[in-house]
Chemist: 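I have a structure here, written as structure tokens, and I will follow up with some questions on it.
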Amino acid sequence: MKLVVVSAGLSVPSSTRLLADRLAAATGRYTSVDVQVVELRDLAVEIAHNFTSGFPGRALSAALDAVTEADGLIVVTPVFSASYSGLFKSFFDVLDQEALTGKPVLIAATGGSARHSLVLEHALRPLFAYLRAVVVPTAVYAASEDWGAEGLAERIDRAAGELGRLMEGLGSGAGAVRRADAADTAVTADVAERADASVAVDTDTAAAIAPRALDGALASADRFTVIPFEQQLAALRP
């Protein structure tokens with residue numbers, strides 16, 4: 001399955017990218033995934049041009065296609081002004097609104113203070129609920145003091161496990177639907193083939209017996225005499 005990681009970190013190295021990588025690695029321990037990372041920092045200019053021109057550049061178009069075709073997403077943003085970054089929001093603004101429907105998404109954020117941890121619930125979760133994504137229950141926030149401290153690794157593992165199991169479940173469901181559709185198509189084709197064969201046999205049989213039936217009907221007609229209605233009525237009178 002394809003897992004796409006969207007990182008909105010701006011610095012190099014970035015704690016946002018570090019958190020994204022740890023979440024992706026943890027998800028890989030629960031299900032087999034091919035990971036692709038989308039660095040929004042590299043797409044900032046094309047995202048801005050997309051707003052003014054209405055058309056994505058080549059790199060942005062590839063990133064949008066990757067997100068649309070993914071089986072699951074990990075999205076991580078730094079906290080700016082008590083919310084997600086403008087770059088993060090701009091990327092999902094240019095994404096087709098139907099692209100995330102039913103797609104499992106793990107939300108995460110980084111910030112300088114633990115006081116911003118509620119950004120996950122009052123900003124990110126409503127955004128992806130609006131886009132009709134399936135947001136995993138556990139969201140991960142990493143403040144500066146969380147790196148190397150107890151608790152972060154456990155939250156990462158729990159969230160990754162939820163995402164991995166959700167991707168497995170939805171993937172199996174989609175596979176079952178595809179198999180059912182294929183079976184229905186095969187049955188329909190078989191019925192149609194049998195029906196065509198039946199029609200062919202019936203047509204050939206009818207063509208073979210039609211002359212004999214017609215001759216028999218004419219012969220039967222010769223054995224009957226037509227009696228006018230007046231004569232029939234007169235015969236009934238006393």
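For this chain, numbers begin at 1 and follow the sequence in order.
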Chemist: Does Leu40 reach the side chain of Val6, with side-chain heavy atoms less than 4.5 Å apart?
Modeler: yes
Chemist: On a heavy-atom basis, which atom in Gly164 and which in Tyr30 lie closest, and how many Å separate them?
Modeler: CA-CB, 4.3 Å
Chemist: Minimum heavy-atom separation for Thr68 and Ala99, please, with both atom names.
Modeler: OG1-CB, 3.6 Å
Chemist: Looking at Glu145, I'd like to know if its CD atom is crowded, meaning that more than 12 non-hydrogen atoms belonging to other residues, nucleotides or ligands lie closer than 6.0 Å.
Modeler: yes
Chemist: Would you say the rings of Phe92 and Phe88 are close, in the sense that their centroids are separated by under 6.0 Å?
Modeler: yes
Chemist: When clusters are formed by joining ILVMFWY residues with side-chain heavy atoms under 4.5 Å apart, either directly or through shared neighbours, do Leu118 and Val79 land in the same one?
Modeler: no
Chemist: Around atom CD of Glu150, are there more than 12 heavy atoms from other residues, nucleotides or ligands closer than 6.0 Å?
Modeler: no
Chemist: Closest approach of Asn50 and Phe55, non-hydrogen atoms and distance?
Modeler: OD1-C, 3.1 Å
Chemist: In sequence, state the C-alpha distance, the side-chain angles, and the governing distance for Gln36 and Leu3, and then conclude on side chain to side chain contact (heavy atoms under 4.5 Å, CB included).
Modeler: CA-CA 6 Å; Gln36 179 178 347; Leu3 174 64; over 6 Å; no
Chemist: Report whether Tyr130 and Val67 are members of the same hydrophobic cluster (ILVMFWY, side-chain heavy atoms less than 4.5 Å apart, transitive linking).
Modeler: yes
Chemist: Only one of Thr138, Leu127, Leu124 passes side chain to side chain contact (heavy atoms under 4.5 Å, CB included) with Ile107; say which it is.
Modeler: Leu124
Chemist: Which pair of heavy atoms, one from Ala142 and one from Leu19, lies closest together, and at what distance?
Modeler: CB-CD2, 4.1 Å
Chemist: Rounded to the nearest 0.5 Å, how far apart are CG of Leu87 and NZ of Lys89?
Modeler: 12.5 Å
Chemist: Going from NZ on Lys2 to CE on Met167, what distance comes out if it is rounded to the nearest 0.5 angstrom?
Modeler: 11.0 Å
Chemist: Show the nearest heavy-atom pair for residues Ala159 and Val140, with the distance to one decimal.
Modeler: CB-CG2, 3.6 Å
Chemist: Test side chain to side chain contact (heavy atoms under 4.5 Å, CB included) on Thr101 and Leu131 and set out the steps.
Modeler: CA-CA 6 Å; Thr101 300; Leu131 294 173; over 6 Å; no
Chemist: Measure from the side-chain N and O atoms of Glu69 to the backbone N and O of Ala66, and report whether any donor-acceptor pair falls under 3.5 Å.
Modeler: no
Chemist: How would you list all residue pairs meeting salt bridge (charged side-chain N to carboxylate O under 4.0 Å, His left out) that involve residues 106-132, not counting sequence neighbours?
Modeler: Glu98-Arg132, Glu121-Arg125
Chemist: Do Tyr141 and Asp146 have a side chain donor and acceptor closer than 3.5 Å?
Modeler: no
Chemist: Hey, could you give me the CE/CG distance between Met1 and Leu170, rounded to the nearest 0.5 Å?
Modeler: 9.0 Å
Chemist: Looking at every non-hydrogen atom in both residues, tell me the closest pair between Pro137 and Glu162 and how far apart they are.
Modeler: CD-OE1, 3.4 Å
Chemist: Any chain of hydrophobic side-chain contacts (each under 4.5 Å) joining Leu100 to Ile47?
Modeler: yes
Chemist: Before giving the answer on side chain to side chain contact (heavy atoms under 4.5 Å, CB included), spell out for Phe80 and Val119 the whole-Å C-alpha distance, their side-chain angles and the decisive distance to 0.1 Å.
Modeler: CA-CA 10 Å; Phe80 285 180; Val119 70; over 6 Å; no
Chemist: Could you give the distance from CG (Leu73) to CG (Leu163), rounded to the nearest 0.5 Å?
Modeler: 8.5 Å
Chemist: Rounded to the nearest 0.5 Å, what separation is found between the CG atom of Asp71 and the CG atom of Leu166?
Modeler: 11.0 Å
Chemist: Decide whether Leu18 and Leu10 are clustered together by the hydrophobic rule: side chain heavy atoms of Ile, Leu, Val, Met, Phe, Trp, Tyr closer than 4.5 Å, transitively.
Modeler: no
Chemist: Cluster question for you: counting only ILVMFWY and a side-chain heavy-atom cut-off of under 4.5 Å, with indirect links fine, are Val12 and Val37 together?
Modeler: no
Chemist: Has Ser61 got a side-chain atom pairing as donor or acceptor with Gly57's backbone, closer than 3.5 angstrom?
Modeler: no
Chemist: Please step through side chain to side chain contact (heavy atoms under 4.5 Å, CB included) for the pair Phe128 and Val75, ending with a clear verdict.
Modeler: CA-CA 10 Å; Phe128 289 97; Val75 297; 3.7 Å; yes
Chemist: Of Ile74, Asp21, Val5, which is the lone residue that meets side chain to side chain contact (heavy atoms under 4.5 Å, CB included) with Val35?
Modeler: Val5
Chemist: When rounded to the nearest 0.5 angstrom, what is the spacing between OG in Ser7 and CG in Asp42?
Modeler: 9.5 Å
Chemist: Under 3.5 Å, is there a donor-acceptor pair linking the side chains of Thr16 and Thr110?
Modeler: yes
